[in-house]
Amino acid sequence: MSSVTWKCPSNIALVKYWGKKGNQLPANPSISFTLSNCHTITTLSFKPKENDGTLLVSFAYDGQPMPSFEPKLEIFFNKVESLFPFLPGSILEINTTNTFPHSSGIASSASGMGALALCLCSLEKEIGNTLSDDDFYKKASIAARLGSGSASRSVHGPLSMWGQSNLYVGSSDEFAIQVDEVHDIFKTFCDTILLVDEGTKNISSSVGHSLLNNHPFAPARFEEANKNIESLKRALMIGDLILFNQVVEQEAMMLHAMMMSSNPYFLLMKPGTVAIIQKVWESRKQLGLNMTITLDAGANVHLLYPASERIKVQAFITKELAQYCSNNKFIHDQVGSGPIKMA
Ligand code: PMV
């Protein structure tokens, strides 16, 4: 058996992807910070053609078989089989581990699907299919996207954007691209993830996306997201922390407002989520700190701040915010440079 290993980080969207069309294509473009400490390490072992054409996949998480992940993997492999012609008939063993809890609103599907897609592209290379570096990451992003939309962005860092926009040359609904025009302040930004709830979500993001199909506010939401891409691009280029804060927080609030106004409606924030948001909003002016909150499809709060304010913000987190977290838990992370091939 030949095998490859990739470490792939999670990402946190600044302008959110919420709503899709066609074959896992986004209803609007999105931009994210690629993280560093929150990542998945996946080893993919491969044995070539053994049988009539059926692909056999076994999956272990932290060394233990995980049958609950198998349906998602089956759907994923059905979607990517045509991209990787060596797959039918082969045997794959996937061994994966995360540095953070899965299905808790930290994008474990982003790092997980990203790592798996990168492994598949590396295997293809080992078998003899040559791809330029550009095409390698493009293909990995396409394959990751078919597993989970936000995963398309995890193959680049420190910032990544997915979805066609006239503002970004080379952008596409099919794959993510690296965002290059970024002020230095954002290349070392910090993200502390406040773990309000470590449990499994009761509404999957695929159900959430599908509720945008008949959502009365969807057209306005997609328009606003496109406007926010434009404002965020400006903030990222010139290092405007005030504009960054306005756009990113409005995006988080709008994402959850879309959830609360879907049919059926649902609420992913918990009392601790709201308490943290209020505490940050009350305190930041008085403390003179550039703290921005954002949320994914879950109850956990991501607190974003410049590296130069790390000591003060982290002291504030321990003193004022940890009490709202499950078992006082949080994860200090920062923007990272993207995935790494480990073997
Ligand atoms: O990639 P999915 O299908 O899990 O959707 C993720 C959606 C959000 O995390 C809420 C936003 C985003 O752009 O990552």
Side-chain angles (χ1 to χ4, degrees), residues 7-14 31-41 62 97-112 114-115 150 153-154 156-160 182-199 239 241 244-245 248-249 252 269-270 272-284 287-340:
K7 171 168 135 179
C8 184
S10 181
N11 68 75
I12 177 67
L14 304 171
I31 297 186
S32 54
F33 275 149
T34 304
L35 297 180
S36 177
N37 301 336
C38 289
H39 59 251
T40 297
I41 297 176
D62 275 345
T97 178
N98 276 355
T99 52
F100 55 97
H102 62 80
S103 305
S104 64
I106 303 182
S108 61
S109 58
S111 56
S150 56
R153 298 187 308 246
S154 269
H156 301 293
L159 279 102
S160 185
V182 179
H183 189 280
D184 280 349
I185 197 165
F186 293 114
K187 294 182 184 161
T188 56
F189 234 63
C190 299
D191 176 7
T192 296
I193 305 153
L194 300 150
L195 297 170
V196 173
D197 184 9
E198 292 186 86
L241 289 177
F244 173 84
N245 173 268
V248 173
E249 290 195 342
M269 289 191 202
K270 297 268 173 150
T273 315
V274 177
I276 289 171
I277 295 171
Q278 282 176 333
K279 194 83 209 164
V280 170
W281 287 355
E282 269 164 33
S283 317
R284 63 184 169 201
L287 297 171
L289 295 173
N290 285 292
M291 299 186 285
T292 293
I293 63 100
T294 190
L295 307 162
D296 256 343
N300 300 326
V301 182
H302 289 247
L303 190 68
L304 309 175
Y305 48 96
S308 58
E309 296 177 19
R310 188 195 303 257
I311 293 172
K312 283 186 180 161
V313 174
Q314 293 190 353
F316 169 75
I317 290 170
T318 308
K319 187 161 171 263
E320 302 286 353
L321 304 182
Q323 58 184 309
Y324 303 112
C325 300
S326 155
N327 299 313
N328 292 304
K329 271 213 255 176
F330 49 80
I331 302 171
H332 288 316
D333 207 339
Q334 70 261 326
V335 169
S337 52
I340 295 173

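The basis for the numbers below is simple: all heavy atoms, side chains too, and nothing from hydrogens, waters or symmetry mates.
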Only one of Q314, R284, R310 passes side-chain hydrogen bond (donor to acceptor under 3.5 Å, both in side chains) with Y305, and that residue is Q314

### Task
Carefully, step by step, assess Q334 and D191 under the rule side chain to side chain donor-acceptor pair (under 3.5 Å).
CA-CA 5 Å; Q334 70 261 326; D191 176 7; over 6 Å; no

Between V248 and I293 the two heavy atoms that sit nearest each other are CG1-O, 4.1 Å

Using a distance-only test with no angle check, is there a side-chain donor-acceptor pair under 3.5 angstrom linking N11 and T34?
no

Scanning both residues in full, the closest heavy-atom pair of D296 with A13 reads OD1-N, 4.4 Å

Closest heavy-atom pair, L295 versus I277, reported as atoms and distance to 0.1 Å, is CD1-CD1, 4.4 Å

CG of L194 to CD1 of I276, rounded to nearest 0.5 Å, is 4.5 Å

When rounded to the nearest 0.5 Å, the distance separating OG1 of T97 from NZ of K7 is 12.0 Å

Closest heavy-atom pair, N245 versus M291, reported as atoms and distance to 0.1 Å, is ND2-O, 3.4 Å

- Any side-chain donor-acceptor pair under 3.5 Å between T40 and N98? yes

G336 and S36 have their tightest heavy-atom pair at CA-CB, 4.0 Å

- prompt: Considering only heavy atoms from C-beta outward, does the side chain of L241 approach that of P306 to under 4.5 Å?
  reply: yes

### Query
Judged by modelled atom types alone, do H302 and T294 share a side-chain donor-acceptor pair under 3.5 Å?
no

> Does the separation of the ring centres of F189 and F33 fall below 6.0 angstrom?
Replying inline: yes

Rounded to the nearest 0.5 angstrom, the NZ-CG distance for K270 and D197 is 4.5 Å

(message) A side-chain contact here means heavy atoms from C-beta on lying under 4.5 Å apart; do V280 and F316 qualify?
(response) yes

Would you give me the side-chain donor-acceptor pairs under 3.5 Å for residues 319-326, sequence neighbours excluded?
| residue | atom | partner | partner atom | Å |
| --- | --- | --- | --- | --- |
| Q323 | NE2 | E320 | O | 2.9 |
| S326 | OG | E198 | OE2 | 3.4 |

For S154 and P9 the tightest heavy-atom approach is OG-O, 2.8 Å

Does any non-hydrogen side-chain atom of I41 lie less than 4.5 Å from one of T99? no

Here the gap from C190 atom SG to L304 atom CG, rounded to the nearest 0.5 Å, amounts to 9.5 Å

Relative to each other, are the rings of H183 and F186 parallel, tilted or perpendicular (30° and 60° limits)?
perpendicular

Measuring only between side-chain heavy atoms, which start at C-beta, is I317 closer than 4.5 Å to V313?
yes

Quiz item: So, does S283 use its side chain to make a donor-acceptor pair with the main chain of K279 at under 3.5 Å?
Solution: yes

